[in-house]
Amino acid sequence: MSTLPIATTRQVRQAATALVRADGRAFAAVLALNAAAALLGLAGPWLLGRIIDRVADGATAADVDRLGLLLLGCALAQLLTSRQARYLAHRFGERSAAKVREQLLDRVLSLPAATAERAGTGDLTARGTADSTAVGETLRDAAPELLVAGAQVLFILGAILTVSPLLGSCGLIGVFGIALGSRWYLRRSRPAYLADRAATADLAEVLAATAHGARTVDALGLGEQRLAAGAGAVGTAHRARMRTLYLRLRYFAGINLSYTLPSVLVLPLGAVLVAHHTVTLGAAVSTALYLQRVVDPLDNIVVLLESLQSSTAAYARVEGLAAATEAPATEAPGTEAPVTEAPVTAQARAEEREPADDRIRVTGVHHAYPDGPDVLHGLDLDLTPGERLAVVGPSGSGKTTLGRLLAGLDRPRAGTVTVGGVPLADLSPERLRRQVVLVTQEHHVFLGTLRDNLRIAAPAADDAALTAALDTVGWQHDLPDGLDTELGPAATRLDGARAQQLALARVVLADPHTLVLDEATALLDPATARHTERALAATLTGRTVIAIAHRLHTAHDADRVAVLTHGRLTDLGPHETLLAAEGPYAALWHTWRTT
């Protein structure tokens, strides 16, 4: 299940209210036009009843013609008013849907990296596609239709009770049945739809993971396991979908009875009342027509209510990203916050202290991943600004975990990781990235030109600065259109090595105070990797560089080397000093040189 939060009903209501207020004039115009159209729609049955009564009283053809022309005029006016109301409602809905999508994009881009990683691609993809689309369709289509239908029902019921309170009470019986059925449905449908959308997101996550790791699945013979995982996710999604279908079927069955009952009652009751001269024939006909006419808007409300519940659940997931952007950015689920630090709130972030300097200190750090043992045990490390530190050690020794802590992506279970006296984990993403940038083996090439991909790191950079950054990382300027070359699967596709160089060029442009390289040159050949690392070091003179590597030539070029073994710091010092000490680092060095 996703770790991203779900907005409460109150939060969804507040968000929807804010959308309406942001375009209040248009919404008021939609309401006014819908009300006018509903009022004009009442004229038809009433005028028809008047015609019947006037004919019974011996009215002339001219009188009937005048009433008929008035009826025709009201029908035409209702048509034009309804059309304009729908036009304005759809424009309001499209503008509101655009705001929701823009807000969603802003929030996704503001998510802390650790939060996005824990959420998984399936849930974020579902919220950004199916959920936001459902919200947009509701704002564009369902919401205006619901306004129209609601206004029609209210005015028609008012007209029925005005024409004949006794006959009108038959209509209230149907409304009462619909209200009871809707109350039953609404209490059960929200959690059912939330479960349905969560199951769909989990299914997308399983399918995306299997597709992304298809080669690994084939190489390790994991096909049966992935098929079983996919079948399990499909089964869960199917059960969740069947639950919503069951609720809809029961709801609609009760609603259909509520539609039929008023018409069944009003016809014989009207005949009796007309026979006893309690109501006129015209009033009875008008009431019957009103009751017949109220079925369509009520039916629309029922159908739209079902759609509204589904979209409300989608909106709760979309709006839940607001809480995710305000939550502590680096606290992993299942881990405890450091006992020395209070939880970070949005207000506290707004008032956070600026680091006094660029000095990074690791003090008594222990860290564990959810439901697992500690992978780091009491680390202490003091980095001097401008220092080049190489972190080495056997696989599984905790190097990458330390890199994530130094980059502020994760919060230590105990102890602190600070920059300039301020805990890295407490910095907002904007301030954190001004201090530290993490570069790993995983890189992304965005759709767009090479220039667009580079300017992500420095929007104001000119072409000369972009070219200089590419030169720093050893880029071969052989693309057909240079900086204007379109990148992506349907255009020019970069291999892993060139994508890695592109990511490193972004680092040069970003010019961070501290750079954490976690096997950032692993896809390059050894000679190019060493050249690139040295060029980066020269370009980032005065910046702190922490290089996590298996290739120990990185350690040879560093100011100091830190050796991790089973999550503990077992060696720390310059390359030559550690070699002379014949300790863990010397053993690693000799092993690497002989392989």
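What's counted below: heavy atoms across the whole structure, side chains too, no hydrogens, waters or symmetry copies. Along the sequence shown, the residues carry numbers beginning at 1. Nothing here was measured: the structure is a model prediction, and the numbers come from that model.
- Formation of a donor-acceptor pair under 3.5 Å by the Lys99 side chain with backbone atoms of Leu19 is not found in this model.
- You'll find the side chain of Thr401 stays beyond 4.5 Å of the side chain of Asp410, heavy atoms only.
- The pair Asp358-Arg543 does not count as a salt bridge, with every side-chain nitrogen at least 4.0 angstrom from each carboxylate oxygen.
- A donor-acceptor contact shorter than 3.5 Å is absent between the side chain of Thr449 and the backbone of Thr485.
- With hydrogens and angles disregarded, a donor-acceptor distance shorter than 3.5 Å links the side chain of Arg506 to the backbone of Asn453.
- Around atom CD of Glu582, more than 12 heavy atoms belonging to other residues, nucleotides or ligands sit under 6.0 Å away.
- Using modelled atom types, no side-chain atom of Glu387 and backbone atom of Asp559 make a donor-acceptor pair closer than 3.5 Å.
- Ionic pairing of Asp382 and Arg361 is present here: one or more N-O contacts between side-chain nitrogen and carboxylate oxygen are shorter than 4.0 angstrom.
- With contacts defined as side-chain heavy-atom distances shorter than 4.5 Å, the pair Pro489/Leu447 qualifies.
- Using a cutoff of 4.0 Å between basic side-chain nitrogens and carboxylate oxygens, Arg107 and Glu319 are scored as salt-bridged.
- Of the possible donor and acceptor atoms, none in the side chain of Thr565 sits under 3.5 Å from a partner among the backbone N and O of Arg568.
- Pairing each heavy atom of Asp571 with each of Pro584, the nearest pair is OD2-CD, 3.1 Å.
- Between Trp589 and Tyr585, the ring planes lie tilted relative to each other; the angle falls in the 30° to 60° range.
- In this structure, Arg127 contributes its side chain and Arg317 its backbone to a donor-acceptor pair below 3.5 Å.
- Ion pairing between Asp463 and Arg455 holds under the 4.0 Å rule for side-chain N and carboxylate O.
- Distance alone, capped at 3.5 Å, is enough to place a donor-acceptor pair between the His367 side chain and the Arg411 backbone.
- The environment of CZ in Arg241 is sparse: at most 12 heavy-atom neighbours from other residues, nucleotides or ligands sit within 6.0 Å.
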